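Below, chains carry the letters A, B, ... as their sequence lines are ordered, and counting in each starts from 1. Being a predicted model, the structure only gives us computed values, none of them experimental.
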2 protein chains.
Amino acid sequence: MGKRDTNRDEKRQLIVTTARKLMQVREVSDFSMRTLAEVAGVSSATPYALFGSKQALIAAVMDTDFADFMTALTAEPNQGFDVFFRLVDVTAELFEKNPGYYSTGAQAIQATTDQTLTSHFSLPRHGLFKDLVSDAIQRGEICHQINPDSLALNLGHQFYGWIQAWAKGNITLPDMVARTKYGLGLGLAAVATEASRAQLLEQVVAIQATLPEAGVLKTKPTPNKKQEAVS
Amino acid sequence: MGKRDTNRDEKRQLIVTTARKLMQVREVSDFSMRTLAEVAGVSSATPYALFGSKQALIAAVMDTDFADFMTALTAEPNQGFDVFFRLVDVTAELFEKNPGYYSTGAQAIQATTDQTLTSHFSLPRHGLFKDLVSDAIQRGEICHQINPDSLALNLGHQFYGWIQAWAKGNITLPDMVARTKYGLGLGLAAVATEASRAQLLEQVVAIQATLPEAGVLKTKPTPNKKQEAVS
DNA sequence: AATAAAACTAAAACGTGTTTTAGTTAGCTA
DNA sequence: TAGCTAACTAAAACACGTTTTAGTTTTATT
């Protein structure tokens, strides 16, 4: 690798690092490409030359932490259905440490129409779910008619959806945990073999008791930004 | 209602109608507030005075069709678990008639951070699901420990998520139907009483057979918009 | 009819993401 | 060392959503 490439990589790193800092200061909107360029001491055209778009840049930022994310997820002992629930807990713990960061990232990922970006994140997550499902099938906890791919996709879909709801501020983090566990619990209970099923349903009903009513959604009044004329 | 209000309502109607026309011409981006104002023969400030934001306007547009949507959904005979599956079919049929329109609308609804707008759409849908679940409980098809509110929210969440995936172009319409039915089928099978459960699982497995592999996601190459210098 | 209030307009402005242009720097190669 | 090329810069520009300003019309009230 020549020095040219090295310099480019260093600049990429610099921009990614700066972007991460900006993403962590809570307010999602406090992060424009112009201020990023200014803070990083770089032309505002450079991030576009190096990453292509704001979303691609954010993806690159999150990518650096993604390894940590995956190891945090897979570090858990892998036995029984509880591993799915622990997955949710671990994710929530991670989010709690850096809410602004993950919220910004999740929203950016979801806002993009670039398929490569989304699959870049969805595929590893899907792989993890698929492995967990396959293991459960082999342990005889899930009936063998089930295609790991299809089930994993459904579980991942639910997970992802509630994460997005949290990122948008529609639900709190504990709520996200409960609703995700509820969804995963249902999906698993449906295909669980008789032995595991009863216990799973018991857990689901227990979670259900902690859920707030759906009607109680946070609602703000219509944003009426017209201020009255000051006489 | 005085003439002032009448005029305002007429102007609202005019803008909504024009907006719907623009939304139907397929390309989501072919719809800027400036062109809308121009086509409607109205100042570009007027839609903001009357609706507040682009998203609110789109919500208003979709609102006019929402009644049709709900009647189309509820027109189906309400018996057995099949009603949930028919719900998905009816939605897909509606989407197929006007893909650009519903796709634009769904994306706009999802992009907004305005809670009132989202709940405006999620609440009636949630109500429908809740009613269906309650009915199923009373018919003894779903065990009575289940809280209709919680289950309905989960089913609606899955439904909504796959609709969004379709609106973003991540999956095809038949795929949306299959994956949604798969998800609903699982959720219902989990809580179905013994009698209904076997049949439901059979249907789920049948749907599963039609699902494409998760790995086969549409992927485009990274958007490399740099064109080469023309010598 | 006179006046106040509201609705609407045209036009400019702001802050975005993004692209383009033209010029400069820095590394590589002959 | 000389020259080529990729990388970078500064600055302007574009289109967008949105807001503001100031002026004009329309309606309701007295």
Exercise. Quick one: does B:Ser43 reach the base of C:dA10 with a side-chain donor-acceptor pair under 3.5 Å?
Worked result: yes

Problem set entry | Side-chain N or O of B:Tyr48 closer than 4.0 Å to phosphate OP1/OP2 of D:dT18 | yes

For this session: Might you point out which heavy atoms bring A:Val133 and A:Leu151 nearest each other, and give the distance in Å?
Result: CG1-CD2, 3.9 Å

Taking N or O atoms only and anything under 3.5 Å, show me the protein contacts with nucleotides 24-27 of chain D, one pair per line.
residue: D:dT27; atom: OP1; partner: B:Asn7; partner atom: ND2; Å: 2.7
residue: D:dT27; atom: O3'; partner: B:Arg4; partner atom: N; Å: 3.4
residue: D:dT27; atom: O2; partner: B:Arg4; partner atom: NH1; Å: 3.0

Exercise. What residues, two or more places apart in sequence or in another chain, satisfy salt bridge (Lys or Arg N to Asp or Glu O under 4.0 Å) together with B:Arg20?
Worked result: B:Asp65

For this session: Please state how far atom CG in A:Leu36 lies from atom P in C:dG15, giving the value in whole angstrom units.
Result: 18 Å

Problem set entry | Separation of atom NZ in A:Lys54 from atom P in C:dG15, rounded to whole Å | 15 Å

Exercise. Do A:Arg34 and C:dG17 share a donor-acceptor pair, side chain to base, under 3.5 Å?
Worked result: yes

Exercise. Starting at CD of A:Glu38 and ending at C1' of D:dA11, how long is that distance when rounded to a whole Å?
Worked result: 15 Å

Exercise. Which atom names give the shortest non-hydrogen contact between A:Pro148 and A:Ser134, and what distance separates them?
Worked result: CB-OG, 3.5 Å

Seminar exercise, completed: From the candidates C:dC8, D:dG17, C:dA10, the one with an atom nearest any side-chain atom of B:Ala45 is C:dA10

Problem set entry | Pair B:Arg12 + B:Asp9: basic N to acidic O under 4.0 Å | no

Exercise. In chain order, what residues pass the side chain to side chain donor-acceptor pair (under 3.5 Å) check against B:Lys130, with sequence neighbours excluded?
Worked result: B:Asp149

Exercise. When the distance from CZ of A:Phe31 to P of C:dT18 is rounded to whole Å, what number comes out?
Worked result: 10 Å

Exercise. Base, sugar-phosphate alone, or nothing: which one does B:Arg8 contact when heavy atoms must sit under 4.0 Å apart?
Worked result: sugar-phosphate

Exercise. Of all heavy-atom pairs between A:Trp162 and A:Met176, which one has the smallest distance, and what is that distance?
Worked result: O-CG, 3.4 Å

Seminar exercise, completed: Scanning both residues in full, the closest heavy-atom pair of A:Tyr182 with B:Asn147 reads OH-O, 4.4 Å

Exercise. What integer distance in Å separates B:Leu22:CG from D:dG17:P?
Worked result: 11 Å

Exercise. In whole Å, what is the span from the CD atom of B:Gln107 to the P atom of D:dG17?
Worked result: 14 Å

For this session: Calculate the interatomic distance between B:Leu50 atom CG and D:dT19 atom P; express it in whole Å.
Result: 14 Å

Exercise. In whole Å, what is the span from the CG atom of B:Leu57 to the P atom of D:dT18?
Worked result: 10 Å

